[in-house]
Amino acid sequence: MNIKALNGFKDILPGEVELWQRLEALARDIFGRFNFAEIRLPILEKTDLFARAIGEATDIVEKEMYTFVDKQVTMRPEATASLLRAYIEHGLHVQKPVQRLFTIGPMFRHERPQKGRLRQFHQMDVEVLGSTSPRVDAEMMAMGAMLLNELGLTVSLEINSLGCQVCRPGFRSNLLVFLDDRHQALCEDCKRRSVTNPLRVLDCKNPRCREQVLEAPSLQDHLCTDCAEHFNEVQAGLDQLGVQYRLNKFMVRGLDYYTRTTFEFITGDLGAQAAVGAGGRYDGLVEQLGGPQIPGIGFALGMERLVLLLQQQEAKLLASGVDLFMAGLGAQATHYGFALAHALRATGMRVAMDLEGRSLKSQMKQAGKLGAAHVLILAEEEFTEGKAVLRNMATQQQQEIILQDTAVTGQILIKLIAS
RNA sequence: GUGAAUGUAGCUCAGCUGGUGGUAGCACUUGGUUGUGGUCCAGGCGGUCGUGGGUUCGAGUCCCAUCAUUCACCCCA
């Protein structure tokens with residue numbers, strides 16, 4: 001076998017899939033509690049959409065997109081751009097002044113894979129459009145925290161404010177002056193960053209840069225009164241809802257569209273991939289994409305990273321996949337069991353049956369491995385007398401049952417197993 | 001895109017300075033129990049040693065290339 005999955009692409013096998021299902025089910029439940037509606041979006045969009053939304057100069061757009069060059073289309077590297085496109089295209093802002101939407105699905109970025117980072121990865125993406133209320137920011141983070149908490153994960157929340165079009169330019173030019181003075185002391189990456197994306201120098205991991213940056217002009221001191229007040233109210237909201245967080249004035253988000261509130265859910269258990277979820281406000285983005293002047297805020301959770309944490313933090317789930325194992329011995333009895341299994345499945349019961357004609361011992365082994373709650377033993381001798389044996393695998397108790405036609409026997413079994 | 005490490009059974013791994021691929025563990029399977037699971041015991045199935053070259057009488061082992069994986073950088077969820 002020399003055909004393998006592509007580098008950075010993974011199969012999710014039975015065993016792990018159950019974890020994904022549990023994650024999605026809980027997320028849908030919680031998003032529902034907060035009155036979010038699901039939206040399903042295409043994976044392929046015009047390349048231009050992402051270039052405009054994410055930013056021409058970002059790494060994602062510059063070198064990480066899967067693009068069909070001849071068709072000018074790209075497999076989405078993130079969900080927000082697509083979601084806003086759909087929002088604008090269908091005039092959802094007219095239907096409801098505030099839209100709360102979420103979407104779940106695969107994203108694609110051509111990066112070098114490593115732990116918690118794949119080329120096809122999955123995100124749960126949540127957005128609120130049409131509100132500038134700081135309560136929305138707080139509620140959104142509270143919802144993320146609730147999900148992580150109910151998954152049993154310990155993850156910390158860091159927040160910051162990046163200001164708006166009014167206050168960011170002033171901060172940016174002050175920062176540029178500061179970085180110019182220290183240029184020689186910065187690492188190579190930061191020398192480059194100070195030209196391409198100066199804000200990113202603030203969260204460089206290099207200890208020397210960190211030291212330099214300690215005295216850098218603070219974003220907090222440059223916030224205009226509106227932004228400062230907004231950020232204060234966000235924090236007040238988090239306090240009111242009892243959400244733990246930490247102010248990180250060096251936190252900068254990578255995508256160009258963020259304004260004001262930004263936040264990250266961080267773990268120390270995933271190596272270099274600390275962020276399991278992150279997002280922020282993007283008050284100018286809808287307009288920038290050709291829509292009306294509508295504010296928005298959103299965040300994405302990395303599902304691979306959550307699943308890794310669930311596995312790592314021993315959040316195990318062991319559910320029996322089988323209610324009944326049908327064990328048949330002999331042609332006549334097996335013939336009857338084949339039909340009985342089908343009748344039971346039609347009523348909703350999960351029934352497993354070995355169709356290979358193996359020994360009873362082997363069939364019992366299979367039943368044990370599958371975690372079957374009960375086994376119906378249809379053996380030649382009893383079968384000719386119209387009887388069979390129902391075994392409770394947990395208690396090891398067995399009882400004889402009288403066989404009738406499959407429909408009637410099915411009803412009897414359902415009652416016996418339920419009791 | 002950069003750096004480093006690693007590729008031997010379905011999985012986890014032994015295999016020394018080159019000399020016949022491991023009674024290895026897990027998993028799968030058969031039997032011990034003429035018809036009863038999870039434990040135990042005995043057997044069985046299972047390998048192009050990532051791939052392609054080279055050195056050598058001889059390569060899993062050394063050299064080169066290539067592909068893949070992992071971790072880190074970059075970036076990001």
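Within every chain, numbering begins at 1; the chains are lettered A, B, ... in the order of the sequence lines, protein sequences first and strands thereafter.
- At a cut-off of 3.5 angstrom, counting only N and O atoms as typed in the model, there is no donor on one side facing an acceptor on the other between the side-chain of A:Glu62 and the base of B:G1.
- Across all strands shown, B:C73 pairs with B:G1; the Watson-Crick or G-U wobble distances both stay below 3.5 Å.
- Within the structure, every side-chain polar atom (N or O) of A:Lys365 is placed at least 4.0 Å from both OP1 and OP2 of B:A27.
- Of the candidates B:U36, B:U30, B:A77, the closest approach to any side-chain atom of A:Leu360 belongs to B:U36.
- A:Gln398 comes within contact range of at least one nucleobase, with a heavy-atom separation under 4.0 Å.
- Non-hydrogen atoms lying under 4.0 Å from RNA chain B are contributed by nothing in residues 38-50 of chain A.
- When both distances must be under 3.5 Å, the Watson-Crick or G-U wobble mate of B:U29 is B:G43.
- A:Thr261 and A:Asp137 form a side-chain donor-acceptor contact under 3.5 Å, judged by distance and modelled atom types alone.
- Not a single donor-acceptor contact under 3.5 angstrom links the side-chain atoms of A:Gln366 to the base of B:G38.
- At a threshold of 4.0 angstrom between heavy atoms, the contacts of A:Glu380 with the nucleic acid are absent.
- The aromatic rings of A:Phe31 and A:Phe102 lie tilted to each other, with the angle between the two planes from 30° to 60°.
- Side-chain atoms of A:Thr409 and A:Tyr336 form a donor-acceptor pair, as typed in the model, at a separation below 3.5 Å.
- In this structure B:U17 sits in no base pair that meets the Watson-Crick or G-U test at under 3.5 Å.
- Using a 4.0 Å cut-off, some side-chain N or O of A:Ser359 falls inside it from OP1 or OP2 of B:G31.
- Distance CE (A:Met124) to C1' (B:A77): 11 Å, rounded to an integer number of Å.
- The pairing partner recorded for B:U12 is B:A24, the criterion being a Watson-Crick or G-U wobble arrangement whose two distances lie under 3.5 angstrom.
- With a 3.5 Å ceiling on both atom-pair distances, the Watson-Crick or G-U wobble partner of B:G7 is B:C67.
- No engagement by A:Glu356 is indicated, since no non-hydrogen atom pair under 4.0 Å with the nucleic acid exists.
- Using the six-membered ring where Trp is involved, A:Tyr87 and A:His93 have ring planes that are tilted, between 30° and 60° apart.
- A donor-acceptor pair under 3.5 Å is formed between the side chain of A:Gln72 and the backbone N or O of A:Val69.
- Without hydrogens or angle criteria, A:Arg76 side chain to A:Pro106 main chain gives a donor-acceptor distance under 3.5 Å.
- Judged purely by atom type and a 3.5 angstrom limit, A:Thr103 has no side-chain atom pairing as donor or acceptor with the backbone of A:Asp125.
- Judged by distance alone, with hydrogens and angles left aside, the side-chain atoms of A:Ser362 form no donor-acceptor pair with the main-chain N or O of A:Arg358 at under 3.5 Å.
- The 12-atom threshold is not exceeded at CZ of A:Arg135, counting heavy atoms of other residues, nucleotides or ligands nearer than 6.0 Å.
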Identify all pairs in which a protein N or O lies below 3.5 Å from an N or O of nucleotides 41-43 of chain B, and state each distance.
none

Item to complete: Sugar-phosphate means primed atoms, P, OP1 and OP2; the rest is base. With that split, encode nucleotides 67-74 of chain B 5' to 3' as B, S or - using protein heavy atoms under 4.0 Å.
Response: --SSSBBB

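- Set against B:G37, B:U29, B:A77, the side chain of A:Arg391 has B:G37 as its closest nucleotide.
- Here A:Ala367 lies out of heavy-atom contact (under 4.0 Å) with every strand.
- Of the listed residues (A:Leu202, A:Leu199, A:Leu219), just one forms a side-chain contact (heavy atoms from CB on, under 4.5 Å) with A:Phe250, and that residue is A:Leu202.
- Across B:C76, B:G37, B:G35, the shortest atom-to-atom separation from the side chain of A:Arg109 is found for B:C76.
- Using a distance-only test at 3.5 Å, with no hydrogens or angles considered, no donor-acceptor pair links the side chain of A:Gln363 to the main chain of A:Gln366.
- With distances taken from any side-chain atom of A:Lys361 to the nucleotides B:U29, B:G32, B:A77, the minimum falls on B:G32.
- Checked against A:Leu376 for a side-chain contact (heavy atoms from CB on, under 4.5 Å), the options A:Val389, A:Leu344, A:Val351, A:Ile401 give a single hit: A:Ile401.
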